[in-house]
Every structure is written in C-alpha cells, then in structure tokens.
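Hydrogens, waters and symmetry mates play no part in the numbers below; they use all other heavy atoms, side chains included. Here the structure is a predicted model, which is why all the values come from computation and not from measurement.
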Amino acid sequence: MKILVIAEHHGTELATNTLNVVAAAKKFGGDIDLLLAGSNLSDVAAQAAKIDGISKVKTAESADYDHHLAESMAALIVPMAADYDILLAPSSTFGKNITPRIAALLDVQQISDIISVESNDTFTRPVYGGQAIAKVQTSDSKLVITVRPTGFDPVNAEGGSAAIESVSGGAPDAKSEFVSLKEAESDRPELTSANIVVSGGRGVGSAENFKMIEALADKLGAAVGASRAAVDAGYVPNDWQVGQTGKIVAPQLYIAIGISGAIQHLAGMKDSKYIVAINKDEEAPIFQVADYGLVADLFDTVPELTEKI
Amino acid sequence: MKILVPVKRVVDYNVKVRAKSDGSGIDLANVKMSLNPFDEIAVEEAVRLKEAGKCDEIIVVTIGPEKAQEQLRTAMAIGADRGILVKTDTPIDLGGVEPLAVAKTLKAIVENEKPDLVIMGKQSIDDDSNQTGQMLSALLGWAQATFASEIKLDGDSATVTREIDGGLETIKIALPGIITTDLRLNEPRYASLPNIMKAKKKQLDIMDPSDFGVSYDPKVKILNVSEPPARTGGGKVSSVDELIDKLKNEAKVIS
Ligand SMILES: Cc1cc2nc3c(=O)[nH]c(=O)nc-3n(C[C@H](O)[C@H](O)[C@H](O)COP(=O)(O)OP(=O)(O)OC[C@H]3O[C@@H](n4cnc5c(N)ncnc54)[C@H](O)[C@@H]3O)c2cc1C
Ligand SMILES: Nc1ncnc2c1ncn2[C@@H]1O[C@H](COP(=O)(O)O)[C@@H](O)[C@H]1O
C-alpha cells in the first residue's frame, strides 16, 4: 500500500491540518509520502520531514505551483499517481479545489470529507451537513480521498526523519492564472485548529459591535468565528464563517454569541468539546446543543464576561 | 454567449432530515424538495449576466428523477430560457447519481450545446460532495474557478474572486470555463407569479442516460446511514459568574 498525502502549506508554514491528514493516512497501514509544491520549499520540507510516520517528503519546487491552481496541481499529481494506491488531501478549500480534478482524470469517484477509516475500502463521512453519517465502500482500485481534519487526532509533529526528494511535474496548464490575494491577517490562532473559538452571529448587530466579540476572544487567546448571517451582513470577513459550507471546527471550547443555531451552523461546530451559548431567546435551537446556556442580552453579558474572565 | 447551469433537486435546506431506522437511507416521505441553494445562486448569476447584455441564452440541466422537472421550472421562473432533464430512477435520498457520472453526462451535454461558460453550485447540500464542477472542468480540459463570490466577464476570459480559507483570491480563467458559486455571489430573487406562469411554457427536453453512454451504476456503495452521536445539551447557567465558575472548575477549559 503506497499513500501520497497532498500537503497544504502557506509559504514557510505547513498547514496544521497536515498532521490530521497523516493521522488518517496511518489508518491504512503502508508507506506514506508527502507532497509539497511551490517555491522555496526548504523550510516546509524540513518541517514535514519531522512528522511522525512519513517515509519520504517529495518537493515539486517551481513557481508554477505557487498558488496551487487546480490545473497545475493536477498536471503535477496525475502522473505521480501511477506510483500510489491512495491519494489524500485535507478537505480545506485547498484540497477541495484540487482533488476532484485529479480524481476525474484518473476515472475515480472521489470520497469527500471522511471522518473515519473502517477498512482500506470503507469509510464514514457526514452527509446533509452532519445530520446523518454514511458508511461507504468504494470499488475503485485507486483511491482519491479528502479528510475532514477534525475527524482525526493529529499525529506528532516531531520524531520523524523522512528523506527529502525532489520531483518535477507535468507541464502546468496555462488556462488559469493567479491575479491577487486579499489575505486574512490576524495574530489570533487559526480558526480550524484553535483550542477556543468565540463566534458571533446576526445578534451582534454590526461590524463595530463585533469588536466586543473580538475583545473576549483576545482575552481568552481564542480564534474568532461567525455565522453566515454575520458574514453576509458584512460584520466580518468570509473566512470566519463556521458551518456546513464554511469551516468545520471542534475546539475544546466554542462560545456562540447571538447565534440562533441553524442546522448549517451546527454542522460546523457541534463536535466541539464544550459549547457555551449566549442568546436572549430561550427558545433558540443553539441551547439544545449547549453545555452551558446563558439566556441574556449579549450587550450586557459579553463585556462582563470579558472583564471577569 | 451561451451559459449552461447544472442544477439539482435536493431536500430543502430548512428540513431536518432523518436516517431510516433500518439504516438504508434518508426518509424522504413528505419532505419538501427544492433547488439546491448554490444552484439557485448560479441561475441568478446567469440571469444577471443576461440582463446586463452579456449572455443570450441560459440552459438549465439536471440529472435526476421525473419530478426534478419542478426544479427546472423554478430555474426557468428565475429566468433560464430552457431546460433539459436527463431522467433516471436512481434514488436521490443520498445525493443521487455520483459526481463523476454526473460530470461525464454534463460533458456530453456541453459537447452538444457548446456553451461558452458553465456556472454551477460549489456543493450539493445533500451529499456535500463538492466535486462535480471540478470534475467536469477536468474532463473538458477547461479552466476552473471554484467558490466564486464575484465574476467579471471580459471577452474571452473571466476574472473571478474566490472565497478560500485564507481570505479572498482572485484568478483569471480562459473561456470556455467552469465557475462554481459560493454564498456571497448574489442573493437570488423570488420568482414572480407571472414569471412562474411563463416558465411553464418554456421548452423542457427529457433525455435518457443511454443517449450519453454513461453508466450510473455506483462505484461507491452506501453500506448504511446512521444518526450522528447525540449531543447532550440543554444545560443552563443563570449568570456570568456561574458560567466562569463552570468553565474553570467543571469543564476546566479556561484557567
Ligand atoms: C446553502 C446554505 C448554506 C449555509 N451555510 C451556513 C454556514 O456554513 N454557516 C452558518 O452559520 N450558516 C449557514 N447558512 C445559514 C443558516 O441557515 C442561518 O441562516 C444562519 O446560520 C443564521 O445566522 P445567525 O444565527 O447569526 O442569525 P439568526 O438566525 O438571525 O440569529 C440571531 C440570533 O441572535 C439572537 N440575538 C439577537 N439580539 C441579541 C442580543 N442582544 N443578545 C443576545 N442574543 C441576541 C437572536 O435571539 C437570534 O437567536 C447556510 C444557509 C444555506 C441556505
Ligand atoms: N444530478 C445533478 N444534475 C445536475 N447538476 C448536478 C447534479 N449533481 C450535482 N450537480 C451540480 O454540481 C454541483 C456540485 O455538486 P456536488 O459535487 O454533488 O456537491 C451542484 O451544485 C450542481 O450544480
């Protein structure tokens, strides 16, 4: 069994979800190689080589892969796939954008967003925004899979000593080109891997008021999330959205403030260890999943909490 | 310019679904069905391009059951010009025909219809696959722009802003190409009654999967479907002080 992990990285930092994807890869039993693509890969390659359980780190060093455009990544990975039985990537926007393209070119029906490996051809994955869990068995001989990071406890980032080997890829496709990136800049922990997440919803009322949510998060060293309604209303950027079609989080503590608890929001946070809900409507569905619900006005409660915590 | 919009019939987003007690699927009895919300956004975007004079014809296509004609009519009430149903008996409680087979069918339809642009949803809210657009793009050898929150057409290319985990990325793709929609692309209109009436008279062709030579036998078998582990929520605290005490001493998640 040979497994290739298509790793996500941001310049000099390996994405934290890599450790979860490697954890999923380990469930198969087999040699695990990890692929990095882009320029100036020496720092990330060194980080990747230390991950527990990796046989080889393969680096495709070229500016052609800098922005991980799906067409170029597929041109790189499809020829490499001949040597592997299983290709794995995180179900982040990085992975979701690339892997179906690879799967189609290999004539494989991709399995998206697995949360467990039951055996080498059988997996579980959430459907309907996590309202049901499907156990699926594939008949494809080569597998292309995206892994939901919260489904697998991360492997150790240290302890390995994989060899680093450079690879060169197929000719990138020139039909798409990168123009610009408006990067989310933040000193806060990353949303999908933070221990504590403080999220605000439509109830927060404005971008100005959202500073209150951010102040609480900063006091707790937490990441900040939001409901779709808060993003749509322009209180916060799109990459803060938690939910079925946003980011999936499972922190130790999730604090939902002024969020009603729609199915699509719950889909992104209901696997958190502890959930706190602050909402003035005691009928709000969020209370059904909350360990500690506080029926109160957020404009009184949040400043008090920030001060006392 | 001609735009093709693939759409899907799915359980309405407001419905709380239940797995059947024998684990064989999702109970769809008396459940409200709708146009997949991301596809509604795709149709709306195509209609806006038409209204802006950038598109002459919008074709909506679905691969699904007889009743999926309802969703084609909904799309035509928003403003699509005509519809194609590729009719199959594949059950749709777990997403229906697999993304790869859908993509192969769509490829054949694209080759017949020769659209300049395909706009489709990023994800079906039943199977949550998020695959079909990327697969279609690969099979056609076209460029893809997924998770779009803004589309600008300029001649033979499109500049698309994408919602990605790290912020907003803008890319430029050559046309013909594939764009998949994200939530912030637009807010779909409500179809007016006169437009709903007009949609009933628009052309709707029904085709057979055998017209395309694509197999709908699933490659991935669903062994069973279950409810996720239930969360025991419902706990309440009566003050901020009590909340802090619980978080420190019971949950031990803050110090
Ligand atoms: C295709 C699709 C995908 C979607 N994907 C997502 C997703 O990924 N993530 C997501 O979050 N949503 C998603 N949604 C939207 C979802 O259905 C809900 O509309 C959304 O989650 C509601 O956000 P909200 O809870 O902030 O707003 P609301 O439902 O309006 O709730 C606001 C809450 O604030 C409370 N409140 C108001 N004022 C105060 C106050 N002063 N003090 C305390 N409480 C107050 C109210 O009681 C209310 O419960 C999706 C919808 C669709 C159709
Ligand atoms: N059966 C289908 N018929 C037509 N279009 C579909 C079908 N299934 C998926 N699509 C399109 O592909 C998009 C992504 O679906 P999915 O890959 O299933 O998440 C949807 O938003 C639709 O635009």
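Separating the NZ atom in B:Lys219 from the CD atom in A:Gln137 is a distance of 14.0 Å, to the nearest 0.5 Å. Atom CG of B:Leu243 and atom NZ of A:Lys308 lie 10.5 Å apart (nearest 0.5 Å). For the atom pair A:Glu304 CD and B:Ser239 OG, the distance stands at 7.5 Å (nearest 0.5 Å). One finds the CG atom of B:Leu247 at 6.5 Å from the CD1 atom of A:Ile255 (value rounded to the nearest 0.5 Å). Rounded to the nearest 0.5 angstrom, B:Asn130 CG and A:Ser112 OG are separated by 7.0 Å. The structure places OG1 of B:Thr146 at 10.5 Å from CZ of A:Arg101, a figure rounded to the nearest 0.5 Å.
Options A:Val108, A:Ile98, A:Ile102 differ in how many heavy-atom pairs under 4.5 Å they form with chain B, and the most are formed by A:Val108. Chain B forms more heavy-atom pairs under 4.5 Å with one residue of A:Ile111, A:Asn238, A:Asp239, A:Thr245 than with any other, namely A:Asn238. Interface summary for chain A: among B:Arg184, B:Lys104, B:Glu227, the most heavy-atom pairs under 4.5 angstrom belong to B:Arg184. In terms of non-hydrogen atom pairs under 4.5 Å with chain B, the most contact-rich of A:Gln244, A:Arg125, A:Glu282, A:Lys273 is A:Gln244. Interface summary for chain A: among B:Asp126, B:Val11, B:Leu94, B:Ile254, the most heavy-atom pairs under 4.5 angstrom belong to B:Asp126. For the options B:Leu223, B:Val225, B:Ile244, B:Leu136, heavy-atom pairs under 4.5 Å to chain A are most numerous at B:Leu223. For the options B:Glu250, B:Gln144, B:Lys248, B:Arg162, heavy-atom pairs under 4.5 Å to chain A are most numerous at B:Gln144. Of the residues considered (A:Ser180, A:Pro237, A:Ala184), A:Ser180 shows the highest number of contacts with chain B, using heavy-atom pairs under 4.5 Å. Residue with the most contacts toward chain A among B:Glu242, B:Lys122, B:Arg18, B:Glu187: B:Lys122 (heavy-atom pairs, distance under 4.5 Å). The candidate from A:Val179, A:Asn195, A:Ile196 with the greatest count of non-hydrogen atom pairs under 4.5 Å with chain B is A:Val179. Of the listed residues (A:Thr99, A:Thr138, A:Thr93, A:Leu294), the greatest number of heavy-atom pairs within a distance under 4.5 Å of chain B belongs to A:Thr93. When B:Val253, B:Ile173, B:Asn224 are compared by the number of non-hydrogen pairs under 4.5 Å with chain A, B:Asn224 comes out ahead.
With a 4.5 angstrom heavy-atom cutoff, B:Ala251 touches chain A via backbone and side-chain atoms both. Both the backbone and the side chain of B:Tyr13 come within less than 4.5 Å of a heavy atom of chain A. Residue A:Ile286 does not touch chain B at all, counting heavy-atom pairs closer than 4.5 Å. Only the side chain of A:Lys247 has a heavy atom closer than 4.5 Å to any heavy atom of chain B. Contact of B:Thr132 with chain A is not made at all, since no heavy-atom distance falls under 4.5 Å. Within the 4.5 angstrom heavy-atom criterion, no atom of B:Leu175 approaches chain A. For A:Glu190, no part lies near chain B; criterion is any non-hydrogen pair under 4.5 Å. No part of A:Asp113 comes within reach of chain B, as not one of its non-hydrogen atoms sits under 4.5 angstrom from that chain. If you measure heavy-atom distances from B:Val15 to chain A, the contacts under 4.5 Å come from the backbone alone. Residue A:Leu69 touches chain B through its side chain alone, counting heavy-atom pairs closer than 4.5 Å. Contact of A:Thr122 with chain B is made through the side chain alone, with heavy-atom distances under 4.5 Å. Both the backbone and the side chain of A:Ala134 come within contact range of chain B, judged by heavy atoms closer than 4.5 Å. For A:Asp107, the parts sitting under 4.5 Å from any heavy atom of chain B are the backbone and the side chain alike. Contacts of A:Val78 with chain B are absent, with no heavy-atom separation under 4.5 Å from either backbone or side chain. No part of A:Glu185 comes within reach of chain B, as not one of its non-hydrogen atoms sits under 4.5 angstrom from that chain. Neither the backbone nor the side chain of A:His10 comes within contact range of chain B, judged by heavy atoms closer than 4.5 Å. With a threshold of 4.5 angstrom between heavy atoms, A:Gln288 approaches chain B through N, CA, C or O but not through any side-chain atom. Proximity to chain A is limited to the side chain of B:Gln123, based on heavy atoms less than 4.5 angstrom apart. Both the backbone and the side chain of A:Arg228 come within less than 4.5 Å of a heavy atom in chain B. Heavy-atom distances place the side chain of A:Ile263, and not its backbone, under 4.5 Å from chain B.
Of all the heavy atoms in A:Ala132 and B:Ile26, the pair that sits closest is CB-CD1, 3.8 Å. Nearest approach of B:Pro228 to A:Gln131, heavy atoms of both residues: CD-O, 3.1 Å. When all heavy atoms of A:Asp291 and B:Thr232 are compared, the closest pair comes out as OD1-O, 4.1 Å.
Looking at B:Arg231 and A:Ile275, their side chains come closer than 4.5 Å, going by heavy atoms from C-beta outward. Under the 4.5 Å side-chain criterion, counting only non-hydrogen atoms from C-beta, B:Ile171 is not in contact with A:His67. The shortest side-chain heavy-atom distance between A:Leu181 and B:Ile164 falls under the 4.5 Å cut-off.
Heavy-atom contacts from other residues, nucleotides or ligands closer than 6.0 Å to NZ of B:Lys172 number 12 or fewer.
Looking at A:Lys135, its side chain never comes within 3.5 Å of a backbone N or O of B:Ser226 through a donor-acceptor pair.
Under a 4.0 Å N-O distance rule, the pair B:Asp165/A:Lys96 does not qualify as a salt bridge.
Inspection of the A:Gln109 and B:Gln131 side chains reveals an N or O donor paired with an N or O acceptor under 3.5 Å.
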